[in-house]
Amino acid sequence: MDRIRIRGGRPLSGEIKVGGAKNAALPLMAAGMLTDDRLILSNVPRLADIATMTLLLEQHGLAVEPLTEDGRMLSIGGGIANTEAPYDIVRKMRASILVLGPLLARAGEARVSLPGGCSIGTRPVDLHLKGLEQMGARFDLDGGYVDGKVDGRLHGARIVFPFVSVGATENLLMAAALAEGETVLANAAREPEIGDLASCLVAMGARIDGIGTDKLVIQGVDQLHAAEHDIIPDRIETGSYACAAAISGGSVFLRNARLEHLGATVRILREAGVEIAQEDGGLMVTRLNGLHGADVMTEPYPGFPTDMQAQFMALMSVAEGASMVTETIFENRFMHVPELNRMGARINVHGASAIVRGVPCLQGAPVMATDLRASLSLILAGLAARGETVVNRVYHLDRGYEAVEQKLAACGADIERIS
Ligand code: UD1
(Lines give C-alpha, C1' and ligand atoms only; values in the text may rest on other atoms or scores of the structure.)
Protein backbone atom coordinates (compact mmCIF):
# COMPACT_ATOMS: atom_id res chain seq x y z
CA MET A 1 0.00 0.00 0.00
CA ASP A 2 1.33 3.46 -0.86
CA ARG A 3 2.62 5.85 1.79
CA ILE A 4 3.66 9.48 1.65
CA ARG A 5 6.96 10.57 3.16
CA ILE A 6 7.57 14.22 4.02
CA ARG A 7 10.58 15.95 5.45
CA GLY A 8 9.30 19.17 6.94
CA GLY A 9 10.61 22.67 7.32
CA ARG A 10 10.67 24.07 3.79
CA PRO A 11 8.55 27.12 2.99
CA LEU A 12 6.48 26.53 -0.15
CA SER A 13 6.89 28.86 -3.07
CA GLY A 14 5.40 28.64 -6.55
CA GLU A 15 2.12 27.80 -8.22
CA ILE A 16 -0.47 25.06 -7.72
CA LYS A 17 -3.26 24.47 -10.20
CA VAL A 18 -6.58 23.79 -8.49
CA GLY A 19 -8.61 21.05 -10.19
CA GLY A 20 -12.32 20.64 -10.78
CA ALA A 21 -14.42 20.14 -7.64
CA LYS A 22 -14.89 16.48 -6.71
CA ASN A 23 -18.12 17.25 -4.87
CA ALA A 24 -19.51 19.05 -7.92
CA ALA A 25 -18.33 16.40 -10.40
CA LEU A 26 -20.03 13.48 -8.64
CA PRO A 27 -23.61 14.87 -8.70
CA LEU A 28 -23.01 16.24 -12.22
CA MET A 29 -22.10 12.75 -13.40
CA ALA A 30 -25.30 11.42 -11.79
CA ALA A 31 -27.21 14.15 -13.67
CA GLY A 32 -26.04 12.45 -16.87
CA MET A 33 -28.68 9.79 -16.07
CA LEU A 34 -31.48 12.33 -16.53
CA THR A 35 -31.28 12.21 -20.34
CA ASP A 36 -30.36 9.68 -23.05
CA ASP A 37 -28.52 12.50 -24.84
CA ARG A 38 -24.89 13.29 -24.18
CA LEU A 39 -23.83 15.37 -21.22
CA ILE A 40 -20.30 16.60 -21.75
CA LEU A 41 -18.39 17.61 -18.60
CA SER A 42 -15.06 19.40 -18.65
CA ASN A 43 -12.58 20.17 -15.84
CA VAL A 44 -13.26 16.69 -14.41
CA PRO A 45 -10.70 15.92 -11.68
CA ARG A 46 -8.71 12.67 -11.92
CA LEU A 47 -9.63 10.93 -8.69
CA ALA A 48 -10.54 7.50 -7.40
CA ASP A 49 -14.10 8.71 -6.59
CA ILE A 50 -14.61 9.74 -10.22
CA ALA A 51 -13.52 6.25 -11.33
CA THR A 52 -16.00 4.76 -8.84
CA MET A 53 -18.83 6.96 -10.16
CA THR A 54 -17.89 5.98 -13.72
CA LEU A 55 -18.15 2.31 -12.76
CA LEU A 56 -21.54 2.91 -11.15
CA LEU A 57 -22.95 4.72 -14.19
CA GLU A 58 -21.64 1.96 -16.47
CA GLN A 59 -23.31 -0.59 -14.22
CA HIS A 60 -26.59 1.30 -14.83
CA GLY A 61 -26.01 0.90 -18.58
CA LEU A 62 -24.66 4.37 -19.43
CA ALA A 63 -21.64 4.97 -21.62
CA VAL A 64 -18.98 7.12 -19.92
CA GLU A 65 -16.23 8.04 -22.37
CA PRO A 66 -13.20 10.25 -21.95
CA LEU A 67 -13.04 12.79 -24.79
CA THR A 68 -9.47 13.85 -24.07
CA GLU A 69 -6.38 11.82 -23.33
CA ASP A 70 -6.02 13.26 -19.85
CA GLY A 71 -9.60 12.22 -19.01
CA ARG A 72 -10.60 15.75 -17.97
CA MET A 73 -13.43 15.86 -20.48
CA LEU A 74 -16.08 13.17 -20.16
CA SER A 75 -19.11 12.30 -22.22
CA ILE A 76 -21.97 10.60 -20.40
CA GLY A 77 -24.96 9.24 -22.28
CA GLY A 78 -26.94 6.31 -23.50
CA GLY A 79 -29.69 6.01 -20.92
CA ILE A 80 -30.48 3.65 -18.05
CA ALA A 81 -30.59 -0.12 -18.67
CA ASN A 82 -30.26 -1.40 -15.10
CA THR A 83 -31.69 0.20 -11.96
CA GLU A 84 -29.59 -1.53 -9.32
CA ALA A 85 -26.69 0.21 -7.52
CA PRO A 86 -24.79 -2.71 -5.93
CA TYR A 87 -23.28 -2.85 -2.45
CA ASP A 88 -19.77 -3.38 -3.80
CA ILE A 89 -19.74 0.06 -5.41
CA VAL A 90 -21.85 2.01 -2.90
CA ARG A 91 -19.73 0.87 0.06
CA LYS A 92 -16.70 2.51 -1.57
CA MET A 93 -18.38 5.87 -2.01
CA ARG A 94 -21.37 7.30 -0.16
CA ALA A 95 -22.06 9.76 -2.98
CA SER A 96 -23.42 6.73 -4.91
CA ILE A 97 -26.77 7.54 -3.24
CA LEU A 98 -27.01 10.42 -5.76
CA VAL A 99 -28.24 7.99 -8.43
CA LEU A 100 -31.46 7.38 -6.46
CA GLY A 101 -33.29 10.55 -7.54
CA PRO A 102 -32.32 10.22 -11.24
CA LEU A 103 -33.27 6.49 -11.32
CA LEU A 104 -36.72 7.14 -9.84
CA ALA A 105 -37.31 10.15 -12.08
CA ARG A 106 -36.31 8.35 -15.29
CA ALA A 107 -36.99 4.65 -14.73
CA GLY A 108 -39.69 4.79 -12.03
CA GLU A 109 -37.73 2.28 -9.93
CA ALA A 110 -34.42 1.92 -8.14
CA ARG A 111 -32.67 -0.65 -6.02
CA VAL A 112 -29.80 1.08 -4.26
CA SER A 113 -27.59 -0.39 -1.56
CA LEU A 114 -27.92 1.73 1.58
CA PRO A 115 -24.63 3.48 2.33
CA GLY A 116 -23.53 2.45 5.80
CA GLY A 117 -21.91 4.70 8.36
CA CYS A 118 -18.44 5.92 7.63
CA SER A 119 -15.48 6.78 9.78
CA ILE A 120 -16.70 10.36 10.28
CA GLY A 121 -20.17 9.42 11.53
CA THR A 122 -23.43 7.54 11.01
CA ARG A 123 -24.54 9.71 8.06
CA PRO A 124 -28.12 8.54 7.42
CA VAL A 125 -30.02 9.19 4.15
CA ASP A 126 -33.49 9.63 5.66
CA LEU A 127 -33.92 13.15 4.23
CA HIS A 128 -33.31 11.84 0.69
CA LEU A 129 -35.95 9.12 1.19
CA LYS A 130 -38.55 11.34 2.92
CA GLY A 131 -38.31 13.97 0.21
CA LEU A 132 -38.67 11.42 -2.59
CA GLU A 133 -41.65 9.91 -0.73
CA GLN A 134 -43.30 13.32 -0.71
CA MET A 135 -42.83 13.30 -4.49
CA GLY A 136 -44.66 9.97 -4.83
CA ALA A 137 -41.95 7.30 -4.38
CA ARG A 138 -42.47 4.30 -2.09
CA PHE A 139 -39.57 2.55 -0.40
CA ASP A 140 -38.97 -0.88 1.13
CA LEU A 141 -35.84 -2.05 2.83
CA ASP A 142 -34.63 -5.43 1.60
CA GLY A 143 -31.31 -7.08 2.38
CA GLY A 144 -29.49 -3.80 2.97
CA TYR A 145 -30.96 -2.30 -0.19
CA VAL A 146 -33.59 0.37 -0.48
CA ASP A 147 -36.14 -0.63 -3.11
CA GLY A 148 -37.92 2.40 -4.58
CA LYS A 149 -40.93 2.49 -6.88
CA VAL A 150 -43.02 5.22 -8.45
CA ASP A 151 -46.45 4.68 -10.05
CA GLY A 152 -46.26 6.75 -13.19
CA ARG A 153 -44.15 9.82 -12.67
CA LEU A 154 -42.79 11.65 -9.65
CA HIS A 155 -44.84 14.73 -8.80
CA GLY A 156 -43.88 18.12 -7.45
CA ALA A 157 -44.00 18.73 -3.70
CA ARG A 158 -43.18 21.36 -1.09
CA ILE A 159 -40.21 19.97 0.83
CA VAL A 160 -38.90 21.76 3.90
CA PHE A 161 -35.62 20.24 5.06
CA PRO A 162 -35.42 20.11 8.90
CA PHE A 163 -31.69 20.81 8.55
CA VAL A 164 -29.35 21.48 5.68
CA SER A 165 -28.14 18.49 3.66
CA VAL A 166 -25.99 18.82 0.58
CA GLY A 167 -26.68 15.32 -0.77
CA ALA A 168 -30.45 15.41 -0.13
CA THR A 169 -30.74 18.82 -1.84
CA GLU A 170 -28.87 17.44 -4.87
CA ASN A 171 -30.90 14.21 -5.10
CA LEU A 172 -34.22 16.04 -4.85
CA LEU A 173 -33.17 18.79 -7.24
CA MET A 174 -32.38 16.19 -9.91
CA ALA A 175 -35.63 14.30 -9.26
CA ALA A 176 -37.67 17.52 -9.32
CA ALA A 177 -36.24 18.56 -12.68
CA LEU A 178 -38.24 15.73 -14.31
CA ALA A 179 -41.21 15.56 -11.90
CA GLU A 180 -44.71 16.63 -12.87
CA GLY A 181 -45.46 20.15 -11.64
CA GLU A 182 -43.71 22.45 -9.18
CA THR A 183 -41.31 21.43 -6.42
CA VAL A 184 -40.13 23.81 -3.72
CA LEU A 185 -37.00 22.88 -1.76
CA ALA A 186 -36.90 25.07 1.34
CA ASN A 187 -33.90 25.27 3.70
CA ALA A 188 -31.92 23.84 0.79
CA ALA A 189 -28.12 23.66 0.93
CA ARG A 190 -26.38 26.60 -0.79
CA GLU A 191 -22.95 25.10 -1.41
CA PRO A 192 -21.35 26.29 -4.69
CA GLU A 193 -21.50 22.66 -5.89
CA ILE A 194 -25.30 22.87 -5.76
CA GLY A 195 -25.29 26.04 -7.82
CA ASP A 196 -23.04 24.24 -10.29
CA LEU A 197 -25.42 21.27 -10.51
CA ALA A 198 -28.41 23.60 -10.93
CA SER A 199 -26.79 25.59 -13.72
CA CYS A 200 -25.89 22.38 -15.57
CA LEU A 201 -29.51 21.18 -15.19
CA VAL A 202 -30.70 24.52 -16.60
CA ALA A 203 -28.37 24.03 -19.59
CA MET A 204 -30.03 20.61 -20.02
CA GLY A 205 -33.46 22.28 -20.15
CA ALA A 206 -34.54 22.27 -16.50
CA ARG A 207 -36.50 25.21 -15.05
CA ILE A 208 -35.03 26.26 -11.71
CA ASP A 209 -35.42 29.52 -9.79
CA GLY A 210 -33.54 30.61 -6.69
CA ILE A 211 -30.14 29.18 -7.63
CA GLY A 212 -27.62 30.17 -4.95
CA THR A 213 -30.33 30.70 -2.31
CA ASP A 214 -31.83 28.35 0.27
CA LYS A 215 -35.13 28.14 -1.61
CA LEU A 216 -35.09 26.35 -4.94
CA VAL A 217 -38.27 26.36 -7.03
CA ILE A 218 -38.33 23.81 -9.83
CA GLN A 219 -40.94 23.50 -12.57
CA GLY A 220 -40.66 19.91 -13.79
CA VAL A 221 -40.22 19.33 -17.52
CA ASP A 222 -40.99 16.19 -19.59
CA GLN A 223 -37.45 15.63 -20.68
CA LEU A 224 -33.94 17.04 -20.55
CA HIS A 225 -31.45 17.20 -23.38
CA ALA A 226 -27.74 17.28 -24.27
CA ALA A 227 -25.51 19.95 -22.72
CA GLU A 228 -21.91 20.87 -22.04
CA HIS A 229 -20.74 22.02 -18.64
CA ASP A 230 -17.44 23.14 -17.14
CA ILE A 231 -17.03 22.05 -13.49
CA ILE A 232 -16.19 24.73 -10.89
CA PRO A 233 -12.75 24.67 -9.21
CA ASP A 234 -12.50 22.72 -5.97
CA ARG A 235 -12.90 25.11 -3.03
CA ILE A 236 -11.74 22.48 -0.53
CA GLU A 237 -8.58 21.75 -2.52
CA THR A 238 -8.10 25.54 -2.62
CA GLY A 239 -8.49 25.88 1.14
CA SER A 240 -6.25 22.89 1.76
CA TYR A 241 -3.36 24.31 -0.29
CA ALA A 242 -3.91 27.73 1.28
CA CYS A 243 -3.28 25.99 4.62
CA ALA A 244 -0.17 24.34 3.11
CA ALA A 245 1.26 27.71 2.08
CA ALA A 246 0.40 29.10 5.51
CA ILE A 247 1.74 26.27 7.66
CA SER A 248 5.03 26.24 5.72
CA GLY A 249 5.43 30.01 6.02
CA GLY A 250 5.54 30.40 2.26
CA SER A 251 3.73 31.96 -0.64
CA VAL A 252 1.75 30.05 -3.28
CA PHE A 253 -0.36 31.15 -6.23
CA LEU A 254 -3.48 28.96 -6.49
CA ARG A 255 -4.37 29.02 -10.18
CA ASN A 256 -8.10 28.90 -10.99
CA ALA A 257 -9.12 29.27 -7.33
CA ARG A 258 -12.09 31.57 -6.73
CA LEU A 259 -12.41 33.78 -3.69
CA GLU A 260 -16.20 34.00 -4.00
CA HIS A 261 -16.56 30.23 -3.41
CA LEU A 262 -14.58 30.15 -0.19
CA GLY A 263 -17.20 31.55 2.19
CA ALA A 264 -16.01 31.82 5.80
CA THR A 265 -12.70 30.07 5.01
CA VAL A 266 -11.14 33.32 3.79
CA ARG A 267 -12.20 35.33 6.83
CA ILE A 268 -10.93 32.70 9.27
CA LEU A 269 -7.59 32.21 7.50
CA ARG A 270 -7.07 35.98 7.42
CA GLU A 271 -7.94 36.18 11.12
CA ALA A 272 -5.22 33.56 11.73
CA GLY A 273 -2.65 35.74 9.95
CA VAL A 274 -2.74 34.38 6.39
CA GLU A 275 -2.78 36.86 3.51
CA ILE A 276 -5.14 35.97 0.66
CA ALA A 277 -5.43 38.19 -2.39
CA GLN A 278 -7.47 37.77 -5.55
CA GLU A 279 -5.25 38.15 -8.60
CA ASP A 280 -5.74 37.56 -12.27
CA GLY A 281 -6.55 33.86 -12.75
CA GLY A 282 -6.32 32.80 -9.13
CA LEU A 283 -5.48 33.55 -5.51
CA MET A 284 -2.17 34.47 -3.95
CA VAL A 285 -1.75 33.02 -0.47
CA THR A 286 1.13 34.18 1.70
CA ARG A 287 2.15 33.88 5.29
CA LEU A 288 4.96 36.21 6.32
CA ASN A 289 4.43 36.66 10.03
CA GLY A 290 3.32 34.41 12.86
CA LEU A 291 0.01 32.53 12.93
CA HIS A 292 -2.50 33.35 15.68
CA GLY A 293 -5.10 31.04 17.16
CA ALA A 294 -8.64 31.51 15.82
CA ASP A 295 -11.91 29.85 16.81
CA VAL A 296 -14.09 28.15 14.21
CA MET A 297 -17.35 26.29 14.09
CA THR A 298 -18.25 24.16 11.08
CA GLU A 299 -21.51 25.13 9.43
CA PRO A 300 -23.33 24.72 6.10
CA TYR A 301 -22.09 27.06 3.35
CA PRO A 302 -21.27 29.95 3.50
CA GLY A 303 -20.09 28.98 6.99
CA PHE A 304 -16.79 27.26 7.63
CA PRO A 305 -16.86 23.84 5.88
CA THR A 306 -16.55 20.59 7.80
CA ASP A 307 -14.35 19.44 4.92
CA MET A 308 -11.75 22.09 5.99
CA GLN A 309 -11.86 21.36 9.71
CA ALA A 310 -9.01 18.81 9.91
CA GLN A 311 -6.68 20.92 7.76
CA PHE A 312 -7.42 24.08 9.78
CA MET A 313 -6.72 22.19 12.98
CA ALA A 314 -3.27 21.19 11.71
CA LEU A 315 -2.62 24.87 11.00
CA MET A 316 -3.81 25.95 14.44
CA SER A 317 -1.60 23.34 16.10
CA VAL A 318 1.42 25.56 15.33
CA ALA A 319 -0.28 28.97 15.85
CA GLU A 320 0.41 31.24 18.77
CA GLY A 321 -2.27 30.92 21.43
CA ALA A 322 -5.30 28.68 21.69
CA SER A 323 -8.09 27.93 19.24
CA MET A 324 -11.42 26.24 19.68
CA VAL A 325 -12.61 24.11 16.78
CA THR A 326 -16.24 23.00 16.99
CA GLU A 327 -17.67 20.39 14.63
CA THR A 328 -21.44 20.66 14.15
CA ILE A 329 -21.98 18.60 10.97
CA PHE A 330 -20.51 15.15 11.68
CA GLU A 331 -20.33 13.58 15.12
CA ASN A 332 -17.06 11.69 14.82
CA ARG A 333 -14.79 13.88 12.80
CA PHE A 334 -11.82 14.25 15.14
CA MET A 335 -9.88 11.09 14.29
CA HIS A 336 -6.95 13.18 13.12
CA VAL A 337 -6.50 14.52 16.68
CA PRO A 338 -4.62 11.55 18.18
CA GLU A 339 -2.43 11.41 15.07
CA LEU A 340 -1.61 15.15 15.29
CA ASN A 341 -0.91 14.70 19.00
CA ARG A 342 1.60 11.94 18.15
CA MET A 343 3.45 14.65 16.23
CA GLY A 344 3.57 16.88 19.30
CA ALA A 345 0.36 18.88 18.87
CA ARG A 346 -1.56 19.77 22.04
CA ILE A 347 -5.21 19.13 21.27
CA ASN A 348 -7.97 18.07 23.68
CA VAL A 349 -11.40 17.05 22.52
CA HIS A 350 -14.44 17.85 24.67
CA GLY A 351 -17.59 16.56 22.98
CA ALA A 352 -18.04 18.40 19.70
CA SER A 353 -15.21 20.86 20.40
CA ALA A 354 -11.45 20.58 20.34
CA ILE A 355 -9.14 22.96 22.15
CA VAL A 356 -5.91 23.40 20.26
CA ARG A 357 -3.00 24.92 22.18
CA GLY A 358 -0.43 26.01 19.66
CA VAL A 359 3.11 24.62 19.97
CA PRO A 360 6.24 26.20 18.44
CA CYS A 361 7.08 23.11 16.38
CA LEU A 362 5.74 19.65 15.49
CA GLN A 363 7.91 16.56 15.20
CA GLY A 364 7.80 14.10 12.33
CA ALA A 365 6.30 10.66 13.06
CA PRO A 366 4.65 7.73 11.30
CA VAL A 367 0.89 8.45 11.25
CA MET A 368 -2.28 6.86 9.94
CA ALA A 369 -4.76 8.62 7.67
CA THR A 370 -8.33 7.85 8.74
CA ASP A 371 -10.37 9.69 6.13
CA LEU A 372 -9.96 11.93 3.14
CA ARG A 373 -9.58 15.34 4.78
CA ALA A 374 -7.74 13.92 7.81
CA SER A 375 -5.11 12.62 5.37
CA LEU A 376 -4.43 16.11 4.15
CA SER A 377 -4.23 17.50 7.68
CA LEU A 378 -1.42 15.02 8.42
CA ILE A 379 0.44 16.04 5.28
CA LEU A 380 0.14 19.68 6.40
CA ALA A 381 1.49 18.77 9.81
CA GLY A 382 4.35 16.93 8.07
CA LEU A 383 5.23 20.05 6.07
CA ALA A 384 5.67 22.01 9.30
CA ALA A 385 7.29 19.25 11.36
CA ARG A 386 10.93 18.74 12.19
CA GLY A 387 12.21 15.51 10.66
CA GLU A 388 10.38 12.83 8.74
CA THR A 389 6.65 12.08 8.67
CA VAL A 390 5.23 9.02 6.94
CA VAL A 391 1.49 9.07 6.26
CA ASN A 392 0.05 5.57 5.91
CA ARG A 393 -3.23 4.52 4.25
CA VAL A 394 -3.06 7.17 1.55
CA TYR A 395 -5.83 5.51 -0.48
CA HIS A 396 -8.16 7.90 1.37
CA LEU A 397 -6.18 10.78 -0.09
CA ASP A 398 -6.43 9.48 -3.64
CA ARG A 399 -10.23 9.57 -3.39
CA GLY A 400 -10.21 13.35 -3.34
CA TYR A 401 -6.82 14.99 -3.97
CA GLU A 402 -5.12 14.70 -7.32
CA ALA A 403 -1.32 14.31 -7.38
CA VAL A 404 -0.85 15.95 -3.97
CA GLU A 405 2.80 15.01 -3.67
CA GLN A 406 3.59 16.32 -7.17
CA LYS A 407 1.77 19.62 -6.58
CA LEU A 408 3.54 20.22 -3.26
CA ALA A 409 6.95 19.04 -4.51
CA ALA A 410 6.70 21.49 -7.41
CA CYS A 411 6.54 24.28 -4.79
CA GLY A 412 9.64 23.05 -3.01
CA ALA A 413 8.26 20.59 -0.46
CA ASP A 414 10.37 17.55 0.29
CA ILE A 415 7.63 14.97 -0.26
CA GLU A 416 7.39 11.68 -2.10
CA ARG A 417 5.10 8.71 -2.56
CA ILE A 418 6.54 5.36 -1.58
CA SER A 419 4.91 2.31 -3.12
C1 UD1 B 1 -21.54 16.38 1.38
C2 UD1 B 1 -20.12 16.26 0.87
C3 UD1 B 1 -19.17 16.06 2.02
C4 UD1 B 1 -19.35 17.18 3.04
C5 UD1 B 1 -20.81 17.29 3.46
C6 UD1 B 1 -21.10 18.48 4.37
C7 UD1 B 1 -20.30 15.26 -1.35
C8 UD1 B 1 -20.08 14.05 -2.20
N9 UD1 B 1 -20.04 15.12 -0.03
O10 UD1 B 1 -21.85 15.14 2.02
O11 UD1 B 1 -17.84 16.08 1.51
O12 UD1 B 1 -18.59 16.82 4.20
O13 UD1 B 1 -21.63 17.46 2.28
O14 UD1 B 1 -20.75 19.66 3.76
O15 UD1 B 1 -20.69 16.31 -1.81
N16 UD1 B 1 -28.00 13.91 7.26
C17 UD1 B 1 -29.07 13.19 7.80
N18 UD1 B 1 -29.96 12.62 6.95
C19 UD1 B 1 -29.84 12.72 5.59
C20 UD1 B 1 -28.76 13.44 5.06
C21 UD1 B 1 -27.85 14.02 5.93
O22 UD1 B 1 -29.21 13.08 9.00
O23 UD1 B 1 -30.68 12.16 4.88
C24 UD1 B 1 -27.03 14.55 8.17
C25 UD1 B 1 -25.62 14.00 8.06
O26 UD1 B 1 -25.44 12.85 8.86
C27 UD1 B 1 -24.81 15.19 8.52
C28 UD1 B 1 -25.59 16.39 7.95
O29 UD1 B 1 -26.90 15.90 7.74
O30 UD1 B 1 -24.81 15.27 9.92
C31 UD1 B 1 -25.07 16.98 6.68
O32 UD1 B 1 -24.86 15.96 5.73
P33 UD1 B 1 -24.93 16.23 4.17
O34 UD1 B 1 -24.85 17.68 3.90
O35 UD1 B 1 -26.07 15.46 3.61
O36 UD1 B 1 -23.58 15.57 3.69
P37 UD1 B 1 -23.35 14.75 2.38
O38 UD1 B 1 -24.23 15.24 1.29
O39 UD1 B 1 -23.34 13.29 2.73
Side-chain angles (χ1 to χ4, degrees), residues 20-31 45 47-50 52-53 56 90 92-101 112 114-134 137 139 146 159-175 185 187-198 214 231-232 234-237 239-240 261-265 297-312 326-336 352 371-377 396-397 399-401:
K22 168 180 91 75
N23 288 349
L26 297 173
L28 285 163
M29 289 175 76
L47 301 168
D49 273 8
I50 301 295
T52 305
M53 192 53 124
L56 182 57
V90 177
K92 281 196 210 145
M93 186 184 69
R94 294 183 43 86
S96 305
I97 193 72
L98 293 171
V99 300
L100 184 61
V112 177
L114 266 182
C118 65
S119 59
I120 64 172
T122 50
R123 300 183 80 176
V125 293
D126 54 322
L127 299 182
H128 303 236
L129 302 183
K130 273 184 201 141
L132 289 164
E133 270 172 356
Q134 278 183 261
F139 292 107
V146 37
I159 294 158
V160 183
F161 294 108
F163 51 89
V164 174
S165 161
V166 175
T169 302
E170 290 166 343
N171 234 336
L172 294 173
L173 178 61
M174 290 189 278
L185 301 178
N187 197 24
R190 284 184 286 163
E191 270 65 2
E193 294 76 24
I194 292 183
D196 206 36
L197 172 64
D214 65 356
I231 298 170
I232 55 170
D234 196 312
R235 66 193 164 96
I236 305 298
E237 193 188 14
S240 302
H261 287 168
L262 293 186
T265 305
M297 184 184 282
T298 62
E299 284 174 326
Y301 188 83
F304 189 83
T306 174
D307 282 350
M308 277 300 301
Q309 182 255 106
Q311 302 90 309
F312 184 73
T326 303
E327 173 59 59
T328 72
I329 312 288
F330 295 113
E331 70 269 24
N332 189 27
R333 209 172 191 176
F334 283 138
M335 282 101 52
H336 41 285
D371 71 67
L372 170 56
R373 308 303 171 184
S375 315
L376 207 101
S377 88
H396 289 295
L397 194 70
R399 286 191 38 221
Y401 288 95

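By convention here, the first residue in the shown sequence is residue 1. Predicted model only: the values in this text are computed from it and were never measured. Ligands are counted one by one from 1 in listed order, and the atoms in each one are counted from 1 as well.
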Which of the numbered atoms in ligand 1 are below 4.0 angstrom from a heavy atom of H128? 23 (O)
Heavy-atom contacts with T306 under 4.0 Å: which atoms of ligand 1 show up? List them by number with element. 6 (C), 12 (O), 14 (O)
Pairs of nitrogen or oxygen atoms closer than 3.5 Å, one from [X] and one from ligand 1: do any exist?
X	value
N23	yes
I329	yes
L127	yes
S165	yes
L26	no
R373	no

Show the numbers, then the answer: is there a side-chain contact (heavy atoms from CB on, under 4.5 Å) between V166 and Y301? CA-CA 10 Å; V166 175; Y301 188 83; over 6 Å; no
Decide if atom CE of M335 counts as having more than 12 heavy atoms of other residues, nucleotides or ligands within a radius under 6.0 Å. yes
How far apart are the closest heavy atoms of L127 and A168, and which atoms are they? CB-CB, 3.9 Å
Between [X] and [Y] (salt bridge meaning N to carboxylate O under 4.0 Å), is one present in this structure?
X	Y	answer
R235	E193	yes
R333	D307	yes
D49	R399	yes

In the protein, what heavy atom is nearest to [atom], and what distance, to one decimal place, separates them?
atom	value
atom 18 (N) of ligand 1	D126 OD1, 2.6 Å
atom 25 (C) of ligand 1	F330 CE2, 4.0 Å
atom 16 (N) of ligand 1	F163 CE1, 3.6 Å

Which of these, [options], has its nearest heavy atom closest to [atom]?
atom	options	answer
atom 10 (O) of ligand 1	K130, R94, R123	R123
atom 1 (C) of ligand 1	T328, V166, D307	V166
atom 20 (C) of ligand 1	A189, G167, P124	P124

Any heavy atom of R333 closer to ligand 1 than 4.0 angstrom? yes
Criterion side-chain contact (heavy atoms from CB on, under 4.5 Å) on F334 and E327, from CA distance to verdict: CA-CA 9 Å; F334 283 138; E327 173 59 59; 3.8 Å; yes
CG of L28 to CD of E170: how many Å apart, nearest 0.5 Å? 8.5 Å
To the nearest 0.5 Å, tell me how far L114 CG sits from S96 OG. 12.0 Å
Step by step, work out the side-chain contact (heavy atoms from CB on, under 4.5 Å) result for I159 and E133. CA-CA 10 Å; I159 294 158; E133 270 172 356; over 6 Å; no
